[in-house]
Amino acid sequence: MRVMKFGGTSVGKPERMHQVSQLITRDDEPTIVVLSALSGTTNSLVEISNCLSSGDNEGATAKTEALEKHYQQFIIDLIKSPELLSKAQDVLKEHFEFLRITQRVSLSDALNKDILAQGELMSTKLFSLYLEQEKIEHALIPALEFMKLDINEEPDLVLIEEKIKVVLAHHPSKKLFITQGYICRNVKGEVDNLKRGGSDYTASLIAAAVKATVCEIWTDIDGMHNNDPRVVDKTVAIEQLSFDEAAELAYFGAKILHPTCIWPAQQENIPVKLLNTMQPTAAGTVIKKEAGSVGVKAVAAKDGIIAIKIKSSRMLLAYGFLRKIFEVFEKYKTPIDMITTSEVAVSVTIDTDEHLNEIIAELSNIASIEVERAQTIVSIVGNEIAKTDAILKKLFDAIEEVPVTMVSYGGSHHNISLLIPSTFKTKTLQLVNKGLFNL
Ligand code: ADP
Ligand code: ASP
Ligand code: MG
């Protein structure tokens with residue numbers, strides 16, 4: 001079994017859906033296809049939901065109408081058979097009617113998640129109708145029947161494996177399955193999601209659940225590049241990454257992959273390939289156990305970081321002080337990304353201010369606290385990076401003009417992380433591109 005995931009731009013136009021239909025039928029290998037919502041749809045749904053939560057129902061209605069118009073044109077261009085076009089119209093009617101109903105009731109967290117789920121539900125149903133038109137045998141399998149979260153709101157891989165087997169067994173004669181990325185159910189049975197960009201995570205979870213031979217992530221670029229192509233002009237695709245390297249890059253901001261999507265594939269040792277729907281013959285990037293070459297491979301940047309400096313000259317060297325600090329973060333389920341210590345202070349970074357006030361209040365009982373917002377973590381990732389010739393010298397020579405506020409090195413063999421003010425992000429990525437990659 002193979003898993004193939006196609007992102008928003010890969011299904012965002014009727015002709016792209018045609019390309020996808022060709023890619024998924026390139027041979028006879030049984031395949032589970034995971035689809036995102038059409039590009040732009042989840043952003044629109046977030047906007048609709050934001051309008052509703054701020055009481056702007058007129059805004060929500062206007063945005064819903066604009067989205068519906070886009071889909072009406074989309075199906076006219078996609079489906080030529082009158083009978084199937086009428087079915088596609090029914091699909092739109094069902095989902096847009098649901099969106100209109102949400103504008104007449106009060107918005108809850110659960111309803112908000114339901115709104116966000118509409119994109120993937122529509123893209124898969126429309127693609128399934130397109131496949132029917134093209135006479136391509138397949139089964140549409142609902143992710144909401146098998147993609148489950150556990151009590152900690154994390155994917156429950158054991159349950160997913162159990163449930164997907166049952167769902168697949170309903171279609172013994174089929175070899176091609178279409179399902180939704182991103183959406184799932186939580187322990188309360190409500191519709192939930194795997195956070196933005198979560199379709200990659202769906203693909204990796206399914207790959208692990210069915211012990212797939214490969215997990216292919218098809219997107220709009222020919223693999224993981226050495227630097228963020230949205231920020232830097234010259235970037236190059238990386239041939240091979242280890243699971244750990246890819247996980248660090250995804251977690252520290254390489255948008256091509258969802259931050260935590262590597263672990264399920266890694267757990268089952270399933271290679272993940274990053275491929276370009278628009279250029280299917282390009283080699284792309286393969287992510288597997290082995291790192292391939294030694295040395296620096298890529299840099300990524302994660303914005304929205306908050307640095308917290310915890311100062312206590314009296315307590316720091318006392319054992320138990322770090323535990324007390326970590327317990328506060330644990331209590332508020334807030335992961336720490338970077339940490340550095342000195343004689344009198346501990347500095348940590350977090351990527352959410354959800355519980356910042358409570359965290360500061362509790363830490364203030366044991367130390368004095370300084371908070372710095374609008375920070376960016378720049379992560380340099382590679383294999384045996386410490387063995388790379390004069391790596392630290394090269395790096396700091398390259399970014400001489402950047403005010404680095406924290407450095408983390410030695411935590412793993414494949415990462416150097418720097419904390420910088422976000423205003424220096426573009427400059428830093430450009431300087432690293434020159435200094436470390438000669439680009
Ligand atoms: P999809 O909709 O297919 O999931 P995404 O937009 O989530 O696609 O991810 C692909 C985009 O990620 C690329 O178009 C590119 O702009 C961006 N990106 C950011 N960093 C990197 C990187 N290091 N390598 C490749 N792409 C990157
Ligand atoms: N549609 C969702 C999003 O835009 C999930 C995904 O595309 O991966 O975030
Ligand atoms: Mg994505």
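Every value quoted in this text rests on a predicted model; they were computed, and no experiment measured them. For ligands, and for the atoms within them, numbers begin at 1 and follow the listed sequence.
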Atom 21 (C) of ligand 1 [closest protein heavy-atom partner, distance rounded to 0.1 Å]: Pro229 CD, 3.4 Å
Taking atom 16 (O) of ligand 1 as the reference point, the nearest protein heavy atom with its distance: Arg230 CG, 3.3 Å
Sub-4.0 Å heavy-atom approach of Leu274 to ligand 1: no
Gap separating the CZ atom of Phe146 from the OG1 atom of Thr179, nearest 0.5 angstrom: 3.5 Å
Flag side-chain contact, heavy atom, 4.5 Å: Phe252 against Asn415: yes
Sub-4.0 Å atoms of ligand 1 with respect to non-hydrogen atoms of Asp220: 10 (C), 11 (C), 13 (C), 14 (O)
Atom 23 (N) of ligand 1: the protein heavy-atom neighbour that sits closest, reported with distance to 0.1 Å: His225 O, 3.2 Å
Closest candidate by heavy atom, reference atom 4 (O) of ligand 1, pool Lys5, Lys255, Met224: Lys5
Contact atoms of ligand 1, heavy-atom distance to Gly223 under 4.0 Å: 24 (N), 25 (C)
Per-pair distances, 0.1 Å, donor-acceptor, side chain in residues 263-273, under 3.5 Å, sequence neighbours excluded:
{"from": "Trp263", "atom 1": "NE1", "to": "Tyr201", "atom 2": "OH", "distance (Å)": "2.7"}
{"from": "Gln266", "atom 1": "NE2", "to": "Asp244", "atom 2": "OD1", "distance (Å)": "3.1"}

Cationic N near anionic O, under 4.0 Å, Lys113 to Glu190: no
Ligand-side contact atoms (ligand 1) for residue partner Gly8, heavy atom cut-off under 4.0 Å: 2 (O)
Write out each pair where an N or O from ligand 2 and one from the protein are under 3.5 Å apart, with the distance.
{"from": "ligand 2", "atom 1": "1 (N)", "to": "Thr42", "atom 2": "OG1", "distance (Å)": "2.8"}
{"from": "ligand 2", "atom 1": "1 (N)", "to": "Glu120", "atom 2": "OE2", "distance (Å)": "2.6"}
{"from": "ligand 2", "atom 1": "4 (O)", "to": "Thr42", "atom 2": "OG1", "distance (Å)": "3.4"}
{"from": "ligand 2", "atom 1": "4 (O)", "to": "Arg196", "atom 2": "NH2", "distance (Å)": "3.0"}
{"from": "ligand 2", "atom 1": "7 (O)", "to": "Ser36", "atom 2": "OG", "distance (Å)": "3.1"}
{"from": "ligand 2", "atom 1": "8 (O)", "to": "Gly197", "atom 2": "O", "distance (Å)": "3.4"}
{"from": "ligand 2", "atom 1": "8 (O)", "to": "Gly198", "atom 2": "N", "distance (Å)": "3.4"}
{"from": "ligand 2", "atom 1": "8 (O)", "to": "Ser199", "atom 2": "N", "distance (Å)": "3.0"}
{"from": "ligand 2", "atom 1": "8 (O)", "to": "Ser199", "atom 2": "OG", "distance (Å)": "3.1"}
{"from": "ligand 2", "atom 1": "9 (O)", "to": "Arg196", "atom 2": "NE", "distance (Å)": "2.7"}
{"from": "ligand 2", "atom 1": "9 (O)", "to": "Arg196", "atom 2": "NH2", "distance (Å)": "3.4"}
{"from": "ligand 2", "atom 1": "9 (O)", "to": "Gly197", "atom 2": "N", "distance (Å)": "2.8"}

Carboxylate-amine/guanidinium proximity below 4.0 Å for Arg2 and Asp27: yes
Any residue meeting side-chain contact (heavy atoms from CB on, under 4.5 Å) with Ser81, in chain and number order, not counting sequence neighbours: Glu83, Leu84, Gln133
Atom 3 (O) of ligand 1 [closest protein heavy-atom partner, distance rounded to 0.1 Å]: Thr219 OG1, 2.7 Å
Inter- and intrachain pairs under ring pair (Phe, Tyr, Trp, His ring centres under 6.0 Å), touching residues 14-71, at least two apart: Tyr71-Phe96
Short N-O contact, Glu153 and Lys333, less than 4.0 angstrom: no
Non-hydrogen side-chain atoms of Leu439 and Asn227 separated by less than 4.5 Å: no
Ser10 heavy atom under 4.0 Å from ligand 1: no
Proximity of Ile256 to ligand 1 by residue part, where a heavy atom lies under 4.0 Å: both
Lys/Arg-Asp/Glu bridge criterion (N-O < 4.0 Å) met for Glu358, Lys331: no
